[in-house]
2 protein chains.
Amino acid sequence: MSSDRVTIRQIAEMSEVSVSTVSNVLNGRTLRMSAETLERVRGVISTLRYRPSSIARGLVTGRTATIGLVVAEIETALFFSAVGALETAARDAGYNLIVCHARGSRDEAEVVTVLRTKGVDGIIFIANSEAVDNTHLSDLPAAGILAVVINRRRPGPEFGRVSWDDRAGVSGAVEHLHDLGHRRIAFLRGPRSRDSTRERAAGYRRGLKKAGLPYQEDYVRHADYTADPLTWERAAGELLDLDPAPTAVIASDDSVAAVVIRTAQRRGLSVPRDLAVVGIDDQMFAALLNPPLTTIRLPVKEAAERALKMLVDTIAGQSMRAVRLDTELVVRDSSSPEPPHHRQSAGCLPSGKVAGPSSPGRKET
Amino acid sequence: MSSDRVTIRQIAEMSEVSVSTVSNVLNGRTLRMSAETLERVRGVISTLRYRPSSIARGLVTGRTATIGLVVAEIETALFFSAVGALETAARDAGYNLIVCHARGSRDEAEVVTVLRTKGVDGIIFIANSEAVDNTHLSDLPAAGILAVVINRRRPGPEFGRVSWDDRAGVSGAVEHLHDLGHRRIAFLRGPRSRDSTRERAAGYRRGLKKAGLPYQEDYVRHADYTADPLTWERAAGELLDLDPAPTAVIASDDSVAAVVIRTAQRRGLSVPRDLAVVGIDDQMFAALLNPPLTTIRLPVKEAAERALKMLVDTIAGQSMRAVRLDTELVVRDSSSPEPPHHRQSAGCLPSGKVAGPSSPGRKET
DNA sequence: CTGAAAGCGCTAACAG
DNA sequence: CTGTTAGCGCTTTCAG
């Protein structure tokens, strides 16, 4: 097969220099080298299309310019933008990404082992905020493998961490709805096992308090976005059956929000006139719904970029940190004070106007 | 940092055997080895948690158990399911995936170079059917790097290829709509530069012909799903302005379909009563729209799995092939003969009933 | 059935 | 400023 691989030795011979000289030009240690030699070596390299084997290099340097990415729930649309952003950022920094999907602690431990044998320089974990066991990560720092976690509890101080402020996000959404005149604001909780669910619930309470609204048990329902959509529909229906029914709903994510909208519409209600709906995530389709969905945008891409930067900076000598990003409320028609067909046709894809100044993480677009 | 790496030599010493013996147990060449020795070596390996370095192994064997995945348009939701499926399939087969995003031929050439220096055993290209230049791939076979392309023209006979039948998919959708009683069926074309767009347009014509319907220029519009949603809205509006207006639209993809639905609804039309809408892709949100979207499901996941299998089989000695997969028409409410609120609450997430037997690629669910 | 030894392609001392 | 050399950790003949 690949019998004709060009090696550094051949380059050396053809350039009539030693391998170390070639190695030097390869690695930019070219400062005090005769310009003529440099030229000649470079010429041979390019005519032979020589590319040093990063395997061989990795064996001796112990570095591979490869980063492992361990993704929980790879099927989730939101995480894909993270993978994309990460890949771009990584390649800009001269790294490649080995992407692995881990479905649980056991799986993750296995994946980490493989990644270690492959000699990755660092690992980024992007999680679903599931409070997962971290013990299998404890020996990573000792093994000299840098790691940063996204949307997950920090396994230790040697780990980098990037997260976002779920609590402030939901709190801000409540305030937004309150500003619009809503007084009966319901909240759909996500999967029970996730930290994000707790944070968001806390944000809901905080938002109510800030707005001076009472917390009502009845207005909080469970709608696990990892479960069957029929269950979301049921939860939405129960909310709508209440008397008095809520005039606004913050859904557990954009998918659930889509079903809430549909459920309301099927009952003849108009969104947002009879019911305002706010999602969480800002997935691609949010702006395409009818009406376009107001949603709490999670800064997944930014998180990915920050995580990568943290890793690269740490390789360059800095130490790990924990950063928390702001979410951003993207206001579209599903929470506007007037029904969408009476308004300018606002809200298509990445547009989205912005709410009042009261809550954090809002930004002009 | 990683000073304390366990090596095969240490295992050999502690087991009081030679390194080659350890290597043998590592590689399963254990047939004619004293059971007692085997036991001892394995014991030492597991107590020391020894993992052979795949870098070192790769250097000598020339194989890395790593596959490159080159994705065009990594941001597209549809492709993510491919990445997920591929990762799972790869890991099951003992491989890892280096995922790269290539934005064009130049970028792709660069990515391929990097992948080669990293010693990948094969490369899978998953494309957007853009008729892209393939010349930079021509020396892959000679270099002993296996490659298979998904949704892209085959660069040569040494390349594997997996694709799907866009033409039959759209043709089947036309027939489905015809069966439902539609006689004025419009079609929204995707990006001009893609092969898939041409195939789909051909499928549209074929479907009309099969149904005995005339081809009408006016009913075909351009709605590039990579462009601004406002342009889709305009295209949809133009269709609806026609007299007589179409009673059904096949949209260029699910996102466009969502906007078509919205445009119709904003004009007070009911989907599907006044207008039936069919998408292409079957993205996650298709089932969440109101009404749930009938769509031509592209077998992206299956394609990914087939591609991986082809690669692995070829490594094992088989030769590359070209396979074409069927699409599947997933019938939901947006094309049902009656309005959704008069029907059983069908159509939530992966459900979707199935049309008549006339067209290819339909399957019972 | 096991051990010694020769590299895989490269980098990094260390001499010249 | 350039050349020689010793490995990185593993596999794989080839002798014992």
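Computation of the quantities below employed the complete heavy-atom set of this structure, encompassing side-chain atoms and omitting hydrogens, waters and symmetry-equivalent molecules. Throughout, a chain's letter reflects where its sequence line sits, starting with A, and its residues are numbered from 1. Quantities reported herein were computed from a predicted structural model and do not represent experimental measurements.
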*In whole angstrom, give the distance that lies between atom CZ of B/R9 and atom P of D/dG7.*
10 Å
_Does D/dT11 have its OP1 or OP2 closer than 4.0 Å to a side-chain nitrogen or oxygen of B/S20?_
no
*Roughly, in whole Å, what's the span from CD1 in A/I8 to C1' in C/dT11?*
8 Å
_Under a 3.5 Å cutoff, is there a donor and acceptor pairing between the side chains of A/K118 and B/T66?_
yes
*Measure from CZ on B/R5 to C1' on D/dC10 and round the result to the nearest Å.*
10 Å
*Could you say whether A/S53 or B/M33 is positioned toward the 5' end of DNA chain C, judged by the nucleotide with the nearest heavy atom to each?*
B/M33
_Candidates D/dT11, C/dC10, D/dC8 - which lies nearest the side chain of A/P52_ = C/dC10
_N or O in side chain of B/R29 less than 4.0 angstrom from D/dT12 OP1/OP2_ = yes
*Taking for each residue the nucleotide of DNA chain D with the nearest heavy atom, is it B/L26 or A/S34 whose nucleotide lies nearer the 5' end?*
A/S34
*NE2/A/H101 to CG/B/L97 distance, rounded to the nearest 0.5 angstrom?*
13.0 Å
*Send over the distance from B/E13 CD to C/dT2 C1', rounded to a whole Å.*
16 Å
*Verdict with supporting geometry, B/D121 and B/L311, side chain to side chain contact (heavy atoms under 4.5 Å, CB included)*: CA-CA 9 Å; B/D121 298 334; B/L311 213 53; over 6 Å; no
_Nucleotide nearest A/V19 (side chain, heavy atoms from C-beta), chosen from D/dT5, C/dT2, D/dG3_ = D/dT5
_Whole angstrom value for the distance that separates C1' of C/dG3 from CG of B/N24_ = 11 Å
*Think A/N27 has a side-chain N or O under 4.0 angstrom from the OP1 or OP2 of C/dT11?*
yes
*State which of D/dC10, C/dG3, D/dT12 makes the closest approach to the side chain of B/Y50.*
D/dC10
*Expressed in angstrom and rounded to an integer, what is the separation of B/R63 atom CZ from D/dC10 atom C1'?*
15 Å
*Please determine if a side-chain N or O atom of B/T37 lies less than 4.0 Å away from the OP1 or OP2 oxygen of C/dC1.*
no
_Presence of salt bridge, B/E36 and B/R40, under 4.0 angstrom_ = yes
*Interatomic distance, A/L38 CG vs D/dC1 P [rounded to whole Å]*: 12 Å
*Below 4.0 angstrom, N of the basic side chain to O of the carboxylate: do A/R321 and A/D313 qualify?*
no
*Has B/S23 got a side-chain N or O lying under 4.0 Å from the OP1 or OP2 atom of D/dT11?*
yes
_Starting the side chain at C-beta, find the nucleotide from D/dT4, D/dT2, D/dC10 nearest to A/T21._
D/dT2
*How many Å lie between CD1 on A/I11 and P on C/dG9, as a whole number?*
13 Å
